[in-house]
Every structure is written in structure tokens, then in C-alpha cells.
Amino acid sequence: MALYSDKVMDHFRHPRNVGVIEDADGVGEVGNAKCGDIMKMYLKIDDDTITDVKFETFGCGSAIASSSMATELIKGKPVSEAMTLTNKAVAEALDGLPDYKMHCSVLAEEAIRNALEDYYTRHPEKRGENAEASIED
Amino acid sequence: MKIYADNAATTRMSRTAIEAMLPCLDEICGNPSSLYSEGQRAKEVIETARKEIAQIINADPKEIIFTSGGSEADNQAILSAAAIGQKSGKRHIISSAIEHHAVLHTLNKLEKLGFEITLLPVHENGMIRPDELKEAIREDTCLVTVMFANNEIGTIQPIKEIGEICRARKVLFHTDAVQAVGHLPVDVAEYHIDMLSASAHKFHGAKGVGFLYAKKGIRLSSLIEGGAQERGRRAGTENVAGIAAMAAALKESIANLDRNAARLTAIRNRLIEGLSEIPHSALNGDREKRLPSNVSFCFEGIEGESLLLLLDDKGISASSGSACTSGSLDPSHVLLAIGRVHDVAHGSLRLTPGEDTTDEEVEYIIQAVKDVVQYLRSFSPVWRDLCSGKIKHII
Ligand SMILES: Cc1ncc(COP(=O)(O)O)c(C=O)c1O
């Protein structure tokens, strides 16, 4: 009986988008070492599109896999769409996580949300545009 | 390469133990409580095992009762001492902060029933101080329970000194010797041990069987009510095959004890030496007073579960005290008790190789751990902050 799905193990063993973006447009960090999980996400945004994303994670297998999957789910997507990423979508894309590991997918969602908030803080004018964009949608 | 380095979790059954077990699953098929010869043969197997085990720990066969393992023995010893204490109004128990949960959770239960529990602190090397035990003993102390050797960090407590203190103060002394029996010389008379728990699967016997030694005169309460097996102190038809295998495994372990300890100590020392080369790593527990096979480290900037999974990919079975491997949010209470902060305790690794581990395998393990730690650090935001000086190194 495996602890994790094949998808989780694949993303854990071969994490996508690992690293740092030095001139990122948004950076988000969540978690703390006390609890055993920290995720840091770096976004490059051009024309309201996430053109690049990288992550660094200190954590267990599912934390690393969740970070990796979350980056894959938002890469190349419009900012407005990335804002709607949920932890459930991350967990589902990984073919599920054990119950007591669901918080890893929550951290991934929060890390991305934080990085996007950072982007909006740096570019307050974009927030309005995107809000309108999402209303039009 | 496949290397099993988690012998503190459980061991593989020895050939000798399996062979002792087989006839009990086959031709010796009677119920030990039955009076006909088939039953009496099974009874004889159990009584022979009892005698052999008693002799090894220097006890009387009547002082040994068979249980389903270490947890049951711990529960029964502690609850029995509490029941005895209760009768004379003694409701104080002393233990240590690094006990196995089989002990700690039983003590929690007693605390809810009105017992007062004192957990002796351990010092950074994982040892309790006999002086602190002396000070903690009160008029109403009915039990001192301190483990012989710790399952996570391998420290061996000053059992003889503890036994002497308890004997002098007329307080019952129980020791969880699950990690010690079969690996270290254990003599209940010499160490003044009143009760002792052991588990067969830690010394190449089967899982689900163990024993409790209780010195003559200590009235054990039964956890399981029913028939009169084990002289009324543990109901239920005996695990004949498991008991036979336990005695065979223990005899074999004791016959090879010195040789195994020497080999394991050499393996352990080499692993400690090799892993100490990893920057910002620290050995957990006492350098000298530790089980021959126990290697326990913390590595800064990484988390234990991912370390274990990647070691597993390299064929190495090991264990960790990280929260993620325990299914709880806190890392191991043992690592916290020796003063490791949460951040560091999450990055722990326990290797408990077997005596058959080869030198080549030892070198392979060292290289594998070095590679995996370095890899995980390469994308750890904690490690980045440690390197940049944003947060301070602790180890
Ligand atoms: C120190 C200690 N006590 C108790 C136990 C429990 O033994 P068992 O698994 O036989 O119930 C273990 C093993 O996990 C142990 O290491």
C-alpha cells in the first residue's frame, strides 16, 4: 500500500519549476519551519499573464509535490485565473492526498495567492483592471 | 541495493526463530489449556520458553508472563503498580520525558483518574539525572518507570543506579526494556528491576508477542479478563508459536550478543563519523551511552519525510522523528525533550542497521544521505535563509 499516489510521487521525485526568479514580479511565502512546511513562490508576470513561476519548498513529500503541481497549474495562465486556484484543484490534479496531508495543498494555494497579492501591491492599478476583467468574464 | 536500516522499528525474524515457530503451527496443534497430550505438548513449549527467557534475564519462570508485545506489557506494568499504590493512597508516579507512547499515554490515562505524574527532564544528551530522581520521589510515589534504552536516540539510562535508588526508597521500579532486551546484557536482580517489558519483534522474533517480568510478590492486574491462562494475569489462549519463536530468538541474540554489539558499534561509529561531515548536522543522544545500532541525526534546513522517501528510492529503509512521518503536527517528543527546536527536529533521521550490514553498504548509506540532504537543501527556502544569514544556524 503506497502512502502517496503515483502522481504525487512523480512530482515529488521530479519537481517542476524548482528554483528562484531573481527579478520576480511577485513573491509569496507561507508556512513556518516550526510546523515543518515552508513554501516560497516566485512569479514573472507579463501582460497579466504568468509567464514564469518557480518555487522553493521545505517540507514533506506532499508539500513538495503540491508546490510543483500548483506551479504547473498556473504557468502560462492569466493572473485572474491563477487567483481562482484552489487547494482542491491542486489535490485533485495529484490524484488525491492523504487526509492529514491536505494542508500541504492549502499551503500551495496560499503561497500562490500571496505571490499574486505581492504583485498587486507592487502594481495597485492592475488590481482594478483584473477585477473588471473578471466581472466581464 | 536494498538496505534495511530500521531495526529499531522491527527486525526480520531469524531462521532459528522461524524454525522454532513452525512445529507450533503444525504438529503441536493443541490448546495449552487442554489436558490431553496434544494440549500438554503445547503447554510444554510455553513453559520451556518461560524458563529460558527467565534464565536469560536472571528471573524466576513464575515471574514471566507472556503478552501481545511491548505496549501491552507497559500498560499492564503501569496500571498494576497504580492499582497497588491506590490501595495505600499512593497516587504519584515518576517517569521520564522521553518514554515510548505506550508508557506516556498510559500515564495520561492515570492522570485523568487523579494520579499525579512527574516527568523527569532529560539533559541534552538524553539522559536523566539520578539526583533529580532522588529529589522527585515522595512519600506517595508508587512507581518509577524509566526506559532502559530509547527507541529514537538510543540513549541507555543508568538503570542500575535508578534501581538502587528505588529499592532504597521502597518504590516499585518498572523499565521499558523493549529496545534493550536481546541487545544489551539485562539482569533484573543486579539492576534491582521490579518490572520489565520486552517485545519479541525487536530481537528477531515475531511481531505481536512479548513478555512482562514482574518480581515475585507484585500483584499484577489483568488487562484482559477471561480464562485462567498465565496464572490468571492474562486471559486468552497463548500465542504458542510466537512464544516459542521469542525464546529461540532471544537465546540466539544472547549467544551472539558480544559479537553483534562489536560489529554494530563499528558500523554505528562509522555512520556517525561519515554523517558528521554534513555541514550543520548534529548527532542526537549521548555519543557513548547509546545502543550499538542507533544513529540519530538532525540536519538543518530539510524535512525528514522527504529525506526518507528519497532514501527509500535509493533502497534504504530508515526512519525519522519529523511530524510528517508521525501523522501529527509536532515532531518527536524525544527530540523536543533533548532541546532540539521544532525547525531542527523536523529534519531528523534515524538509522538502525543490522549486524549483517556490510562495510560497502555503510559507505553507500553515508553517500546517499549526503546526496539527498544536499539535494533537498538546494531548493529549501529555510536553507537559503540560513546561508544568507537572514536566520541564524542553530546546529
Ligand atoms: C521503547 C519501546 N517501547 C514499547 C514499544 C512497543 O512495543 P510493541 O510494538 O511490541 O507493542 C516499542 C516499539 O515500538 C518501543 O520501541
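Every chain is numbered from 1, with letters handed out A, B, ... down the list of sequences.
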Considering all heavy atoms, the nearest [X]-[Y] contact:
| X | Y | answer |
| --- | --- | --- |
| A:G36 | B:H346 | N-NE2, 3.3 Å |
| B:L309 | A:Y4 | CD1-CE1, 3.7 Å |
| A:V18 | B:F379 | CG1-CB, 3.3 Å |

Please check if atom [atom1] in [X] has more than 12 non-hydrogen atoms from other residues, nucleotides or ligands closer than 6.0 Å.
| X | atom1 | value |
| --- | --- | --- |
| B:E363 | CD | yes |
| B:E360 | CD | no |
| B:R12 | CZ | no |
| B:E124 | CD | no |

Using atom types as modelled and distance alone, determine if a side-chain donor or acceptor of B:S306 lies under 3.5 Å from a backbone N or O of A:G59.
yes

Which distance, rounded to the nearest 0.5 Å, do you find between the CE of A:M9 and the CG of B:D313?
5.0 Å

What's the spacing between A:F58 CZ and B:D343 CG if we round to 0.5 Å?
7.0 Å

Counting only non-hydrogen atoms closer than 4.5 Å, does B:R377 touch chain A with its backbone (N, CA, C, O), its side chain (CB onward), both, or neither?
neither

Between B:I391 and chain A, with a heavy-atom cut-off of 4.5 Å, which part of the residue counts as in contact: side chain, backbone, both or neither?
neither

Is the shortest side-chain heavy-atom distance between A:V20 and B:R384 below 4.5 Å?
yes

Any non-hydrogen side-chain atom of B:L376 less than 4.5 Å from a side-chain atom of A:I64?
yes

Considering only NZ, NE, NH1 and NH2 on the basic side and carboxylate oxygens on the acidic side, decide whether A:K101 and B:E305 come within less than 4.0 Å.
yes

Portion of A:I38 that has a non-hydrogen atom of chain B nearer than 4.5 angstrom:
both

